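Written below as C-alpha coordinates is the structure these notes are about.
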Amino acid sequence: MAKRVVVGLSGGVDSSVAAFLLKEQGYDVTALFMINWHDKTGVIDADCPWNEDVVFAELVAKKLEIPFHVVDLSEPYRERVIDYMFSEYQKGRTPNPDVLCNREIKFDAFLKSAEAYNPDYVATGHYCKKTTDSVEGKLVHHLLAGDDPNKEQSYFLCQLSQEQLARTLFPIGHLHKPEVREIARQQGLASANKKDSQGICFVGKVHLPVFLQQKLKSREGNIFEIPADLSQYNEEKQDRSDLESVCTPWSYIKEEGTWVGKHQGAHFFTVGQRKGLQVGGKEEPLFVISTDVQENRVYVGQGQSHPGLYRRGLKIIPEEIHWIREDQVMKQGESRDYMVRIRYRQPLQEAKLHLTDQGMFIIFRKLQRGIAAGQFAAWYEKDELIGSGVIHR
RNA sequence: UGACCCGUGGUGUAAUUGGCAACACAUCUGAUUUUGGUUCAGAAGAGUCCAGGUUCGAGCCCUGGCGGGUCAA
(Lines give C-alpha, C1' and ligand atoms only; values in the text may rest on other atoms or scores of the structure.)
Protein backbone atom coordinates (compact mmCIF):
# COMPACT_ATOMS: atom_id res chain seq x y z
CA MET A 1 0.00 0.00 0.00
CA ALA A 2 1.21 3.49 -0.85
CA LYS A 3 2.64 5.60 1.93
CA ARG A 4 0.46 8.48 2.98
CA VAL A 5 1.74 12.04 3.02
CA VAL A 6 0.09 15.21 4.20
CA VAL A 7 1.58 18.18 2.42
CA GLY A 8 1.29 21.68 3.76
CA LEU A 9 -0.11 23.42 0.74
CA SER A 10 0.25 27.17 1.08
CA GLY A 11 -0.93 28.31 -2.31
CA GLY A 12 2.59 29.15 -3.44
CA VAL A 13 4.63 27.42 -6.13
CA ASP A 14 6.98 25.56 -3.86
CA SER A 15 4.46 23.56 -1.91
CA SER A 16 2.39 23.03 -5.06
CA VAL A 17 5.31 21.41 -6.82
CA ALA A 18 6.16 19.48 -3.67
CA ALA A 19 2.66 18.01 -3.75
CA PHE A 20 2.94 17.22 -7.42
CA LEU A 21 6.29 15.47 -7.01
CA LEU A 22 5.03 13.39 -4.13
CA LYS A 23 2.12 12.25 -6.19
CA GLU A 24 4.46 11.42 -9.05
CA GLN A 25 6.50 9.32 -6.67
CA GLY A 26 3.47 7.27 -5.86
CA TYR A 27 2.53 8.61 -2.47
CA ASP A 28 -1.03 8.87 -1.34
CA VAL A 29 -1.12 12.66 -0.98
CA THR A 30 -3.47 14.83 1.03
CA ALA A 31 -3.26 18.63 1.01
CA LEU A 32 -3.71 20.60 4.19
CA PHE A 33 -3.88 24.37 4.14
CA MET A 34 -3.22 26.22 7.36
CA ILE A 35 -4.66 29.54 8.33
CA ASN A 36 -2.38 31.31 10.74
CA TRP A 37 -3.18 34.94 10.65
CA HIS A 38 -6.13 37.14 9.77
CA ASP A 39 -5.10 40.46 11.18
CA LYS A 40 -4.03 43.14 8.75
CA THR A 41 -2.67 45.84 11.01
CA GLY A 42 0.62 47.09 9.72
CA VAL A 43 0.61 44.68 6.81
CA ILE A 44 1.72 46.31 3.60
CA ASP A 45 -0.32 44.40 1.05
CA ALA A 46 -3.46 44.36 3.12
CA ASP A 47 -5.44 43.58 -0.02
CA CYS A 48 -3.69 40.24 -0.30
CA PRO A 49 -4.98 38.20 2.62
CA TRP A 50 -4.90 34.45 2.97
CA ASN A 51 -8.23 34.11 1.16
CA GLU A 52 -6.36 34.42 -2.08
CA ASP A 53 -3.86 31.81 -1.03
CA VAL A 54 -6.60 29.34 -0.17
CA VAL A 55 -8.02 29.73 -3.64
CA PHE A 56 -4.67 28.98 -5.21
CA ALA A 57 -4.09 26.03 -2.92
CA GLU A 58 -7.50 24.62 -3.67
CA LEU A 59 -7.00 25.03 -7.41
CA VAL A 60 -3.72 23.19 -7.21
CA ALA A 61 -5.24 20.39 -5.15
CA LYS A 62 -8.05 20.04 -7.64
CA LYS A 63 -5.60 19.92 -10.54
CA LEU A 64 -3.56 17.25 -8.80
CA GLU A 65 -6.73 15.43 -7.81
CA ILE A 66 -5.79 15.21 -4.18
CA PRO A 67 -8.04 15.77 -1.16
CA PHE A 68 -7.91 19.30 0.22
CA HIS A 69 -8.49 20.34 3.82
CA VAL A 70 -8.10 23.51 5.82
CA VAL A 71 -7.01 23.87 9.40
CA ASP A 72 -7.00 27.04 11.48
CA LEU A 73 -3.84 27.36 13.52
CA SER A 74 -4.10 31.06 14.17
CA GLU A 75 -4.48 30.47 17.88
CA PRO A 76 -1.21 28.63 18.43
CA TYR A 77 0.47 30.90 15.90
CA ARG A 78 -0.45 33.94 17.90
CA GLU A 79 0.54 32.38 21.19
CA ARG A 80 3.74 30.74 20.13
CA VAL A 81 5.07 33.02 17.46
CA ILE A 82 3.56 36.48 17.61
CA ASP A 83 3.44 36.82 21.37
CA TYR A 84 7.00 35.58 21.58
CA MET A 85 7.96 38.17 19.03
CA PHE A 86 6.45 41.02 20.99
CA SER A 87 7.92 39.85 24.24
CA GLU A 88 11.38 39.56 22.75
CA TYR A 89 11.25 43.03 21.25
CA GLN A 90 10.04 44.34 24.56
CA LYS A 91 13.18 43.01 26.15
CA GLY A 92 15.28 44.74 23.55
CA ARG A 93 16.12 41.56 21.72
CA THR A 94 15.66 40.77 18.04
CA PRO A 95 13.55 37.65 17.59
CA ASN A 96 13.37 35.44 14.54
CA PRO A 97 9.68 34.59 14.22
CA ASP A 98 10.14 32.34 11.21
CA VAL A 99 12.47 29.96 12.99
CA LEU A 100 9.85 29.71 15.72
CA CYS A 101 7.09 29.36 13.18
CA ASN A 102 8.75 26.25 11.83
CA ARG A 103 9.56 24.72 15.18
CA GLU A 104 6.21 25.49 16.79
CA ILE A 105 3.71 25.61 13.97
CA LYS A 106 4.66 23.93 10.72
CA PHE A 107 6.52 21.10 12.39
CA ASP A 108 4.44 20.88 15.52
CA ALA A 109 0.90 22.24 15.57
CA PHE A 110 0.49 21.50 11.89
CA LEU A 111 2.07 18.11 12.20
CA LYS A 112 -0.36 17.24 14.96
CA SER A 113 -3.33 18.44 12.92
CA ALA A 114 -2.10 16.31 10.08
CA GLU A 115 -2.34 13.23 12.29
CA ALA A 116 -6.05 13.26 11.58
CA TYR A 117 -5.24 11.85 8.15
CA ASN A 118 -2.93 9.12 9.43
CA PRO A 119 0.10 10.08 7.40
CA ASP A 120 3.40 8.32 7.31
CA TYR A 121 4.98 11.65 6.57
CA VAL A 122 4.33 15.34 6.45
CA ALA A 123 5.88 17.36 3.63
CA THR A 124 6.61 21.01 3.03
CA GLY A 125 7.96 23.11 0.19
CA HIS A 126 11.16 24.10 1.95
CA TYR A 127 14.40 24.31 0.01
CA CYS A 128 16.33 21.82 2.04
CA LYS A 129 16.99 18.09 2.05
CA LYS A 130 16.79 15.22 4.46
CA THR A 131 18.68 11.99 4.47
CA THR A 132 18.47 9.16 6.93
CA ASP A 133 20.95 6.50 7.84
CA SER A 134 21.58 4.32 10.79
CA VAL A 135 24.40 4.67 13.25
CA GLU A 136 24.88 1.72 15.56
CA GLY A 137 21.42 0.51 14.79
CA LYS A 138 19.85 3.86 15.51
CA LEU A 139 18.26 6.00 12.83
CA VAL A 140 19.89 9.38 12.31
CA HIS A 141 18.21 12.05 10.25
CA HIS A 142 20.33 14.65 8.53
CA LEU A 143 19.06 18.11 7.65
CA LEU A 144 20.92 19.26 4.56
CA ALA A 145 21.04 22.51 2.67
CA GLY A 146 18.86 22.78 -0.40
CA ASP A 147 20.66 22.65 -3.73
CA ASP A 148 19.58 26.11 -4.86
CA PRO A 149 22.08 28.45 -3.22
CA ASN A 150 19.73 31.40 -3.65
CA LYS A 151 16.80 29.75 -1.93
CA GLU A 152 18.47 27.45 0.54
CA GLN A 153 16.30 27.50 3.66
CA SER A 154 17.86 25.10 6.13
CA TYR A 155 18.61 28.00 8.46
CA PHE A 156 14.92 28.47 9.16
CA LEU A 157 14.68 24.85 10.22
CA CYS A 158 17.62 25.03 12.56
CA GLN A 159 15.48 24.31 15.62
CA LEU A 160 13.93 21.09 14.41
CA SER A 161 14.42 17.88 16.33
CA GLN A 162 15.13 14.32 15.22
CA GLU A 163 11.51 13.44 16.01
CA GLN A 164 10.25 16.20 13.77
CA LEU A 165 12.64 15.34 10.97
CA ALA A 166 11.69 11.70 11.20
CA ARG A 167 8.19 12.53 10.03
CA THR A 168 9.18 14.98 7.35
CA LEU A 169 9.81 15.04 3.62
CA PHE A 170 11.27 17.90 1.59
CA PRO A 171 10.37 17.04 -1.99
CA ILE A 172 11.88 20.08 -3.70
CA GLY A 173 15.21 20.37 -1.89
CA HIS A 174 17.19 19.05 -4.83
CA LEU A 175 15.66 21.56 -7.24
CA HIS A 176 16.46 25.14 -8.10
CA LYS A 177 13.69 27.70 -8.00
CA PRO A 178 13.52 28.16 -11.77
CA GLU A 179 13.08 24.42 -12.16
CA VAL A 180 10.28 24.44 -9.64
CA ARG A 181 8.53 27.20 -11.53
CA GLU A 182 9.01 25.32 -14.77
CA ILE A 183 7.45 22.18 -13.36
CA ALA A 184 4.52 24.17 -12.06
CA ARG A 185 4.05 25.71 -15.49
CA GLN A 186 4.25 22.39 -17.30
CA GLN A 187 1.70 20.93 -14.95
CA GLY A 188 -0.55 23.93 -15.32
CA LEU A 189 -0.59 24.63 -11.60
CA ALA A 190 -2.33 27.86 -10.73
CA SER A 191 0.48 29.00 -8.49
CA ALA A 192 3.12 28.74 -11.23
CA ASN A 193 3.64 32.46 -11.57
CA LYS A 194 2.74 33.51 -8.09
CA LYS A 195 5.24 35.86 -6.53
CA ASP A 196 7.46 34.48 -3.80
CA SER A 197 6.24 35.26 -0.35
CA GLN A 198 8.28 37.63 1.76
CA GLY A 199 8.28 39.03 5.22
CA ILE A 200 7.18 37.19 8.31
CA CYS A 201 5.66 33.96 7.12
CA PHE A 202 1.87 34.06 7.20
CA VAL A 203 1.79 37.64 8.35
CA GLY A 204 3.47 39.00 5.26
CA LYS A 205 5.48 42.05 4.64
CA VAL A 206 4.92 44.52 7.43
CA HIS A 207 5.98 47.96 8.47
CA LEU A 208 7.63 46.60 11.54
CA PRO A 209 7.46 49.75 13.67
CA VAL A 210 3.73 50.05 12.99
CA PHE A 211 3.22 46.35 13.61
CA LEU A 212 5.11 46.44 16.87
CA GLN A 213 3.34 49.51 18.10
CA GLN A 214 0.15 47.50 18.37
CA LYS A 215 1.53 46.06 21.55
CA LEU A 216 4.66 47.96 22.43
CA LYS A 217 4.34 51.48 23.69
CA SER A 218 6.57 54.13 22.26
CA ARG A 219 8.75 55.92 24.69
CA GLU A 220 10.85 58.88 23.68
CA GLY A 221 14.55 58.57 24.34
CA ASN A 222 17.88 59.86 23.17
CA ILE A 223 20.32 58.81 20.50
CA PHE A 224 24.04 59.14 21.14
CA GLU A 225 26.78 58.90 18.57
CA ILE A 226 29.85 57.00 19.67
CA PRO A 227 33.14 57.99 18.01
CA ALA A 228 34.97 55.29 16.11
CA ASP A 229 38.16 55.87 18.03
CA LEU A 230 36.71 55.08 21.43
CA SER A 231 39.42 53.58 23.59
CA GLN A 232 37.63 50.34 24.43
CA TYR A 233 37.89 49.25 20.82
CA ASN A 234 41.66 49.23 21.04
CA GLU A 235 42.11 47.94 24.52
CA GLU A 236 43.30 44.39 24.56
CA LYS A 237 40.36 43.32 26.61
CA GLN A 238 39.92 41.22 23.52
CA ASP A 239 41.94 38.60 25.27
CA ARG A 240 41.20 35.65 23.04
CA SER A 241 41.49 33.21 25.88
CA ASP A 242 38.69 34.79 27.91
CA LEU A 243 35.60 33.49 26.18
CA GLU A 244 33.15 35.51 28.23
CA SER A 245 34.74 38.82 27.38
CA VAL A 246 35.25 38.04 23.70
CA CYS A 247 31.58 37.13 23.54
CA THR A 248 30.28 40.18 25.34
CA PRO A 249 28.72 42.95 23.29
CA TRP A 250 30.17 46.43 23.40
CA SER A 251 28.43 48.56 25.95
CA TYR A 252 28.39 52.29 26.32
CA ILE A 253 27.49 55.13 28.59
CA LYS A 254 26.03 58.32 27.24
CA GLU A 255 29.06 60.36 28.26
CA GLU A 256 31.13 58.47 25.73
CA GLY A 257 29.05 59.87 22.89
CA THR A 258 27.40 63.02 21.73
CA TRP A 259 23.67 63.60 21.57
CA VAL A 260 22.42 63.48 18.00
CA GLY A 261 18.67 63.09 18.24
CA LYS A 262 15.62 61.42 19.70
CA HIS A 263 13.94 58.08 19.06
CA GLN A 264 10.55 56.64 19.94
CA GLY A 265 11.72 53.59 21.84
CA ALA A 266 15.03 51.75 22.01
CA HIS A 267 13.22 48.42 21.69
CA PHE A 268 12.24 49.28 18.11
CA PHE A 269 15.88 49.18 17.02
CA THR A 270 18.37 46.42 16.45
CA VAL A 271 22.12 46.45 16.13
CA GLY A 272 23.31 47.12 12.60
CA GLN A 273 20.17 48.98 11.68
CA ARG A 274 20.48 52.09 9.53
CA LYS A 275 16.97 53.13 8.57
CA GLY A 276 14.54 54.87 10.85
CA LEU A 277 16.91 56.84 13.02
CA GLN A 278 15.89 60.09 11.35
CA VAL A 279 19.22 61.67 12.09
CA GLY A 280 20.81 63.27 9.07
CA GLY A 281 23.57 65.68 8.26
CA LYS A 282 26.33 63.18 8.69
CA GLU A 283 29.08 62.46 6.22
CA GLU A 284 28.32 58.75 6.38
CA PRO A 285 25.16 56.94 7.46
CA LEU A 286 24.60 56.17 11.10
CA PHE A 287 24.11 52.58 12.23
CA VAL A 288 22.77 51.36 15.53
CA ILE A 289 25.66 49.81 17.45
CA SER A 290 23.85 49.17 20.72
CA THR A 291 20.52 49.67 22.42
CA ASP A 292 19.83 50.04 26.10
CA VAL A 293 16.18 49.36 26.84
CA GLN A 294 16.63 49.98 30.55
CA GLU A 295 17.79 53.55 30.05
CA ASN A 296 15.94 53.72 26.74
CA ARG A 297 19.00 54.86 24.83
CA VAL A 298 20.19 54.09 21.35
CA TYR A 299 23.88 54.28 20.53
CA VAL A 300 24.95 54.81 16.94
CA GLY A 301 28.19 54.89 15.02
CA GLN A 302 29.06 56.50 11.75
CA GLY A 303 29.86 54.45 8.67
CA GLN A 304 29.90 50.80 7.69
CA SER A 305 33.31 50.27 9.20
CA HIS A 306 32.57 51.60 12.67
CA PRO A 307 34.19 49.15 15.10
CA GLY A 308 31.11 49.08 17.31
CA LEU A 309 29.31 47.20 14.56
CA TYR A 310 31.60 44.21 14.72
CA ARG A 311 32.26 41.43 17.16
CA ARG A 312 34.40 38.37 17.31
CA GLY A 313 32.12 36.00 19.16
CA LEU A 314 28.76 35.26 20.70
CA LYS A 315 27.35 33.23 23.54
CA ILE A 316 24.49 30.78 23.80
CA ILE A 317 23.32 29.73 27.25
CA PRO A 318 23.25 25.99 28.08
CA GLU A 319 19.47 25.57 27.93
CA GLU A 320 19.34 27.16 24.48
CA ILE A 321 21.84 24.87 22.83
CA HIS A 322 20.06 22.66 20.35
CA TRP A 323 21.52 19.75 18.44
CA ILE A 324 19.77 18.41 15.41
CA ARG A 325 22.44 15.77 15.32
CA GLU A 326 21.96 14.44 18.81
CA ASP A 327 24.79 12.04 18.23
CA GLN A 328 27.18 14.94 17.73
CA VAL A 329 26.61 16.70 21.04
CA MET A 330 29.81 18.23 22.36
CA LYS A 331 31.25 17.42 25.74
CA GLN A 332 31.96 20.07 28.26
CA GLY A 333 35.36 21.59 27.71
CA GLU A 334 35.38 20.44 24.12
CA SER A 335 36.12 22.76 21.20
CA ARG A 336 35.21 22.08 17.62
CA ASP A 337 35.40 23.81 14.25
CA TYR A 338 32.17 24.41 12.38
CA MET A 339 30.83 26.68 9.71
CA VAL A 340 28.30 29.08 11.19
CA ARG A 341 25.72 31.56 10.04
CA ILE A 342 23.86 34.07 12.17
CA ARG A 343 21.23 35.10 9.67
CA TYR A 344 19.36 33.74 6.68
CA ARG A 345 21.40 33.73 3.48
CA GLN A 346 24.61 34.67 5.18
CA PRO A 347 27.55 32.83 3.65
CA LEU A 348 28.83 30.28 6.16
CA GLN A 349 31.59 31.62 8.38
CA GLU A 350 34.51 29.77 9.83
CA ALA A 351 34.23 29.51 13.58
CA LYS A 352 35.36 27.59 16.57
CA LEU A 353 32.75 26.42 19.09
CA HIS A 354 33.69 26.03 22.71
CA LEU A 355 31.37 24.32 25.14
CA THR A 356 31.75 25.14 28.83
CA ASP A 357 29.44 24.91 31.81
CA GLN A 358 28.49 28.50 31.03
CA GLY A 359 27.26 27.69 27.58
CA MET A 360 28.34 27.60 23.98
CA PHE A 361 30.84 30.20 22.87
CA ILE A 362 31.22 30.73 19.17
CA ILE A 363 34.37 32.51 18.10
CA PHE A 364 34.53 33.57 14.49
CA ARG A 365 37.63 33.71 12.41
CA LYS A 366 36.46 36.97 10.88
CA LEU A 367 34.71 39.75 12.76
CA GLN A 368 30.94 39.55 12.40
CA ARG A 369 28.72 42.49 11.73
CA GLY A 370 25.48 43.01 13.64
CA ILE A 371 25.35 40.04 15.99
CA ALA A 372 21.92 40.48 17.56
CA ALA A 373 20.68 38.79 20.70
CA GLY A 374 17.51 36.86 19.94
CA GLN A 375 18.61 35.76 16.49
CA PHE A 376 19.76 32.20 15.88
CA ALA A 377 23.25 30.98 15.24
CA ALA A 378 23.31 27.74 13.28
CA TRP A 379 26.36 25.55 12.82
CA TYR A 380 27.03 23.35 9.87
CA GLU A 381 29.40 20.67 8.78
CA LYS A 382 29.67 20.97 5.03
CA ASP A 383 26.03 21.30 4.00
CA GLU A 384 24.54 19.59 7.00
CA LEU A 385 22.97 21.61 9.76
CA ILE A 386 24.30 20.17 13.00
CA GLY A 387 22.89 22.45 15.67
CA SER A 388 21.75 25.92 16.62
CA GLY A 389 20.84 28.21 19.45
CA VAL A 390 19.44 31.59 20.32
CA ILE A 391 22.14 34.18 20.61
CA HIS A 392 22.12 35.19 24.24
CA ARG A 393 24.49 38.08 23.73
C1' U B 1 29.29 99.12 23.42
C1' G B 2 33.53 98.58 19.39
C1' A B 3 35.66 95.19 15.58
C1' C B 4 35.20 90.80 12.73
C1' C B 5 32.61 86.39 10.79
C1' C B 6 28.35 83.81 9.40
C1' G B 7 22.85 83.01 7.86
C1' U B 8 21.68 78.11 1.27
C1' G B 9 16.33 71.78 0.72
C1' G B 10 14.73 68.26 7.30
C1' U B 11 20.31 68.24 8.72
C1' G B 12 25.64 69.18 7.46
C1' U B 13 28.16 71.35 3.64
C1' A B 14 29.23 73.16 -1.90
C1' A B 15 28.55 76.65 -5.94
C1' U B 16 35.10 79.00 -11.10
C1' U B 17 36.55 86.11 -11.82
C1' G B 18 28.18 87.70 -10.54
C1' G B 19 24.66 83.81 -15.19
C1' C B 20 18.31 80.87 -12.19
C1' A B 21 21.77 76.02 -6.83
C1' A B 22 25.56 70.67 -6.24
C1' C B 23 26.87 66.66 -2.80
C1' A B 24 26.24 63.70 1.61
C1' C B 25 23.08 62.21 5.42
C1' A B 26 17.88 61.92 6.62
C1' U B 27 12.90 60.92 4.21
C1' C B 28 9.70 58.25 0.60
C1' U B 29 9.03 54.49 -3.18
C1' G B 30 10.74 50.22 -5.75
C1' A B 31 14.09 45.82 -6.19
C1' U B 32 16.54 41.88 -3.40
C1' U B 33 15.29 38.81 1.11
C1' U B 34 9.85 33.49 3.89
C1' U B 35 12.95 37.02 10.53
C1' G B 36 15.11 41.70 12.23
C1' G B 37 18.81 44.02 9.71
C1' U B 38 21.83 44.82 5.46
C1' U B 39 22.45 46.07 0.21
C1' C B 40 20.89 48.19 -4.54
C1' A B 41 17.96 51.62 -7.66
C1' G B 42 14.86 55.71 -8.22
C1' A B 43 12.01 59.89 -6.50
C1' A B 44 10.52 63.96 -3.86
C1' G B 45 12.36 68.18 -1.42
C1' A B 46 15.42 74.79 -1.12
C1' G B 47 14.85 79.43 -5.53
C1' U B 48 19.59 80.67 -1.20
C1' C B 49 17.11 85.12 6.67
C1' C B 50 14.11 89.87 5.50
C1' A B 51 13.69 94.73 2.90
C1' G B 52 15.78 97.78 -0.62
C1' G B 53 19.73 98.82 -4.40
C1' U B 54 23.61 98.10 -8.49
C1' U B 55 23.40 94.92 -13.01
C1' C B 56 20.84 92.42 -19.14
C1' G B 57 21.42 88.99 -14.98
C1' A B 58 23.16 88.14 -7.77
C1' G B 59 23.35 82.85 -3.21
C1' C B 60 27.62 85.39 -4.63
C1' C B 61 28.47 93.16 -5.06
C1' C B 62 26.29 97.58 -1.98
C1' U B 63 22.87 99.65 2.14
C1' G B 64 19.72 98.80 6.26
C1' G B 65 17.40 95.44 9.45
C1' C B 66 16.75 90.62 12.03
C1' G B 67 19.21 86.16 13.89
C1' G B 68 23.66 83.25 15.48
C1' G B 69 28.82 83.25 16.65
C1' U B 70 34.05 85.10 17.59
C1' C B 71 37.44 88.61 19.47
C1' A B 72 38.00 93.05 22.13
C1' A B 73 36.55 96.02 26.89
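Everything quoted here is computed from the prediction, not taken from an experiment. Just so it is clear, the values below take in all heavy atoms, side chains as well, and ignore hydrogens, waters and symmetry mates. Residue numbers begin at 1 in each chain, while the letters A, B, ... track the order of the sequences.
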Donor-acceptor contacts under 3.5 Å from residues 6-24 of chain A side chains, at least two apart:
unit_1	atom_1	unit_2	atom_2	d
A:S10	OG	A:G12	N	3.1
A:S10	OG	A:S15	OG	3.2
A:D14	OD1	A:Y127	OH	2.8
A:D14	OD1	A:K177	NZ	3.0
A:D14	OD2	A:K177	NZ	3.2
A:S15	OG	A:S10	N	3.0
A:S16	OG	A:G12	O	2.6
A:S16	OG	A:S191	OG	2.7
A:K23	NZ	A:L64	O	2.9

Mind checking A:V99 for me? I need base, sugar-phosphate or nothing, with any heavy atom below 4.0 Å counting as a touch.
nothing
Sugar-phosphate, base or nothing in reach of A:L277, heavy atoms under 4.0 Å
sugar-phosphate
Base B:G36 to side chain A:R343, donor-acceptor N/O within 3.5 Å cut-off
yes
Just how far, in rounded Å, is C1' of B:U34 from CZ of A:F376?
15 Å
Please determine whether any donor N or O and acceptor N or O are separated by less than 3.5 Å between the side chain of A:K106 and the base of B:U34.
yes
Using the C1' atom on both, measure B:G59 against B:U16 and round to a whole Å.
15 Å
Closest listed nucleotide, where the reference is the side chain of A:P285 and the choices are B:A26, B:U35, B:G37:
B:A26
Need to verify one output field. Residue with the more 5' nearest nucleotide on RNA chain B, A:R345 or A:P209?
A:R345
For A:I391 and B:G36, what is the distance between atoms CD1 and C1' respectively, to the nearest whole Å?
11 Å
Are OP1 or OP2 of B:G37 and a side-chain N or O of A:R369 less than 4.0 angstrom apart?
no
Select base, sugar-phosphate, or nothing to describe what A:Q304 touches, counting heavy atoms under 4.0 Å on all strands.
sugar-phosphate
Residue A:Q153, side-chain atoms from C-beta onward, closest of B:U34, B:G36, B:U38:
B:U34
Can you check the distance between B:G37 and B:A24, where both ends of the measurement are the P atom (answer in whole Å)?
24 Å
Quick one: on RNA chain B, does A:K275 or A:V279 contact a more 5' nucleotide (nearest heavy atom)?
A:V279
Nearest-neighbour nucleotide for the A:Y155 side chain, B:U34, B:U35, B:G36 considered
B:U35
Take atom CD of A:E283 and atom C1' of B:A14, then tell me their distance rounded to the nearest Å.
12 Å
How should the glycosidic conformation of B:G47 be described, syn or anti, under the criterion that syn lies within 90° of 0?
syn
Rounding to the closest angstrom, what is the interatomic distance between B:C61 and B:U54 at atom C1'?
8 Å
Taking B:A43 as the reference, what is the distance to B:A26 when you measure between their C1' atoms (whole Å, please)?
15 Å
Consider the side chain of A:N102, meaning its heavy atoms from C-beta on, and name the nucleotide among B:U34, B:U38, B:U27 that approaches it most closely.
B:U34
For B:A24, does either OP1 or OP2 sit under 4.0 Å from a side-chain N or O belonging to A:K282?
no
Could you tell me which nucleotide pairs with B:G59 by Watson-Crick or G-U wobble geometry, both distances under 3.5 Å, or answer none if nothing does?
none
So, does the side chain of A:Q375 form a donor-acceptor pair with the base of B:U35 at under 3.5 Å?
yes
Using atom NZ of A:K91 as one end and atom P of B:G36 as the other, report the distance to the nearest whole Å.
20 Å
Just by distance, do the side chain of A:R312 and the backbone of A:F364 share a donor-acceptor pair under 3.5 Å?
yes
Side-chain atoms of A:T270 come closest, of B:U35, B:U38, B:G37, to B:G37
In whole Å, measure the gap between the C1' atoms of B:C60 and B:U48 for me.
10 Å
Out of B:U33, B:G37, B:G36, whichever nucleotide has its closest atom nearest the side chain of A:T94:
B:G36
So if I take every side-chain heavy atom of A:P97 and compare against B:U34, B:U35, B:G36, which nucleotide ends up nearest?
B:U35
Nearest whole Å is fine: how far is B:U34 P from A:L208 CG?
18 Å
Measure from CD on A:Q278 to C1' on B:G45 and round the result to the nearest Å.
16 Å
Considering Watson-Crick and G-U wobble pairs with both distances under 3.5 Å, what does B:U1 pair with?
B:A72
Could you walk me through whether A:H176 and A:N150 satisfy the side chain to side chain donor-acceptor pair (under 3.5 Å) test, starting with their C-alpha distance in whole Å, then the side-chain angles of each, then the deciding distance to 0.1 Å, before giving a yes or no?
CA-CA 8 Å; A:H176 286 217; A:N150 292 318; over 6 Å; no
Could you tell me how far apart A:R341 (CZ) and B:U34 (C1') are, to the nearest whole angstrom?
14 Å
For B:C25 versus B:G42, give the span between their P atoms, rounded off to a whole number of Å.
13 Å
Using the side-chain contact (heavy atoms from CB on, under 4.5 Å) rule, pick out the option among A:R341, A:R345, A:Q346 that qualifies with A:Y155.
A:R341
With a 4.0 Å cutoff (strictly under), does any side-chain N or O of A:K177 reach OP1 or OP2 of B:U33?
no
Could you tell me how far apart A:I200 (CD1) and B:G37 (P) are, to the nearest whole angstrom?
9 Å
Over all strands shown, is A:G261 touching base, sugar-phosphate only, or nothing at heavy-atom distances under 4.0 angstrom?
nothing
Looking at A:Y117, does the NZ or CZ of A:R4 lie under 6.0 angstrom from its six-membered ring centre and within 45 degrees of the ring axis?
no
Is there a donor-acceptor contact under 3.5 Å from the side chain of A:Q375 to the main chain of A:T94?
yes
How far, in whole Å, is B:A3 from B:G12 if one measures between their P atoms?
29 Å
Could you check whether A:Y89 gets within reach of a base, just the sugar-phosphate, or nothing at all, counting any heavy atom under 4.0 Å?
sugar-phosphate
What distance, rounded to whole Å, do you find between the two P atoms, one in B:C56 and one in B:A15?
27 Å
Is any side-chain heavy atom of A:E152 closer than 4.5 Å to one of A:Y344?
no
Counterpart base for B:U38, defined by Watson-Crick or G-U wobble contacts under 3.5 Å
none
A:R274 side-chain N/O to B:A26 phosphate OP1/OP2 under 4.0 Å
yes
Donor-acceptor side-chain pairing of A:Q302 and A:E283 below 3.5 angstrom
no
With a 3.5 Å distance limit and no angle check, can you tell me whether A:R325 reaches the backbone of A:H142 through a side-chain donor-acceptor pair?
no
